[in-house]
2 protein chains.
Amino acid sequence: MDDGKRMTRCYEDALRKAGVKVTRQRLEIINEVVRAKGHPSIGEVFDAVRVLMPSISLDTVYRTMRTLAAMGMIHPVGSSGERVRFDADHSPHHHFLCSICGEAYDFVCPELDAIPVPEQALAIGLVRGTRIEVRGVCRKCLEKEREE
Amino acid sequence: MDDGKRMTRCYEDALRKAGVKVTRQRLEIINEVVRAKGHPSIGEVFDAVRVLMPSISLDTVYRTMRTLAAMGMIHPVGSSGERVRFDADHSPHHHFLCSICGEAYDFVCPELDAIPVPEQALAIGLVRGTRIEVRGVCRKCLEKEREE
DNA sequence: CTGGTTGCAAATGATTTGCATCCCA
DNA sequence: TGGGATGCAAATCATTTGCAACCAG
């Protein structure tokens, strides 16, 4: 598991560059967020980290997730009234948001990855990434509707 | 204000088509959501509707917003841990989401409006709309950072 | 050392739920 | 009339905050 160590080193650097302290809690949380596929919620990250570090508190996870989001390391994924979910910036991918259940599905679409940064967005602030957001109704909800 | 009546008629039809009852509450809420520029939160819609209909209750607004979202008439705009906000589907526009404050800014970009629907998304469910989501840090937050 | 971080517990706020009443279809 | 819709209040659940103890730099 030399790979694990190399990753950790990389996260440490990212934290230092952001001007925040490197703590074991933060490293564990980052590890978990990066490992998690899909869009983990705060609670899920908390549960996972708690296995390795039972003493960690829920609001440390809250605070760290906010810190990581401010660093641009993770991004909140908007869904409906659901709890906030995040994704680590793994690879270029896009989102399909279901209007009914609020679930966020990932999909890849290489043809659309190279979206130019819209000029109009530059006027609003510093752009860190661009992706496609598709809205619709997912299969699960379509089937549920059909049943009724 | 013949225009207002024509709009209302149109909303009634949309409700009927969705198979739900047409009530004064729902019409008032739709009216407000469509009128509101930006991304009104549930509370803001509630306050606005309450002016015309003081007896309306907060959770009627909650329930109706969910109904409207399921109908595809409005869409939740994901932001960070903030309360959920919605936008009516007015005109084609895109979103800039600030990673720090969670604010969602609208911008228009006609060149990008004609995004083809990605095939990969079709596999996930019924697609109702496609737009660009830009992530970054807004001017306000950039300035705040600079001060520190 | 010492200021940023954490853990804890209490506070806050948004969202949901159960139920009796009401009203569109 | 009859079932979906509403209003109300209580219940939940996510998220935040104040503060003392702690630890990385």
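FYI, side chains are in, hydrogens and waters are out, and symmetry mates aren't considered; it's all heavy atoms of this structure. Lettering of chains follows the sequences in order, A, B, ..., and the numbering in each one begins at 1.
- When rounded to the nearest whole Å, the span between CZ of B:Phe46 and C1' of D:dT6 equals 13 Å.
- Between B:His95 and B:His39, the ring centre distance stays below 6.0 Å.
- Salt-bridge check for A:Arg131 with A:Asp87: passed, with a basic side-chain N closer than 4.0 Å to an acidic carboxylate O.
- Under 3.5 Å, the side chains of B:Asp113 and B:His94 contain a donor-acceptor pair of N or O atoms.
- Residue B:Ile56 contributes atom CD1, which lies 9 Å from atom C1' of D:dT6 at whole-angstrom precision.
- Regarding contacts with the backbone of D:dT6, a side-chain N or O of B:Arg26 is found under 4.0 angstrom from either OP1 or OP2.
- Using a 4.0 Å heavy-atom distance criterion, A:Arg63 is classed as a base contact.
- A donor-acceptor contact under 3.5 angstrom links the side-chain atoms of A:Asp59 to the base of C:dA9.
- Separating the CG atom of A:Leu58 from the P atom of D:dA14 is a distance of 9 Å, rounded to the nearest angstrom.
- Per the geometry, NZ belonging to B:Lys21 stands 10 Å off P belonging to D:dG3, to the nearest Å.
- For A:Thr23 and C:dT6, the shortest distance from a side-chain N or O to OP1 or OP2 is below 4.0 Å.
- One can place CE of A:Met53 at 12 Å from C1' of C:dT5, the figure rounded to the nearest angstrom.
- Contact annotation: B:Thr60 side-chain N/O to D:dT6 OP1/OP2 distance is not under 4.0 Å.
- At whole-Å resolution of the value, OH in B:Tyr62 and P in D:dA10 are 18 Å apart.
- Considering only the side chain of A:Arg66, D:dT16 comes nearest among C:dA25, D:dT16, D:dC8.
- Atom CE in A:Met65 sits about 17 Å away from atom C1' in C:dT5, given to the nearest Å.
- Taking 4.0 angstrom as the limit, A:Gln25 places none of its side-chain polar atoms (N or O) nearer than this to OP1 or OP2 of D:dC23.
- Here the P atom of nucleotide D:dT6 and the CG atom of B:Leu27 are 10 Å apart, to the nearest Å.
- Side-chain polar atoms of B:Thr67 and B:Thr64 form no donor-acceptor pair below 3.5 angstrom.
- Between A:Arg135 and A:Glu133, at least one side-chain nitrogen of the basic residue sits less than 4.0 Å from a carboxylate oxygen of the acidic one, meeting the salt-bridge criterion.
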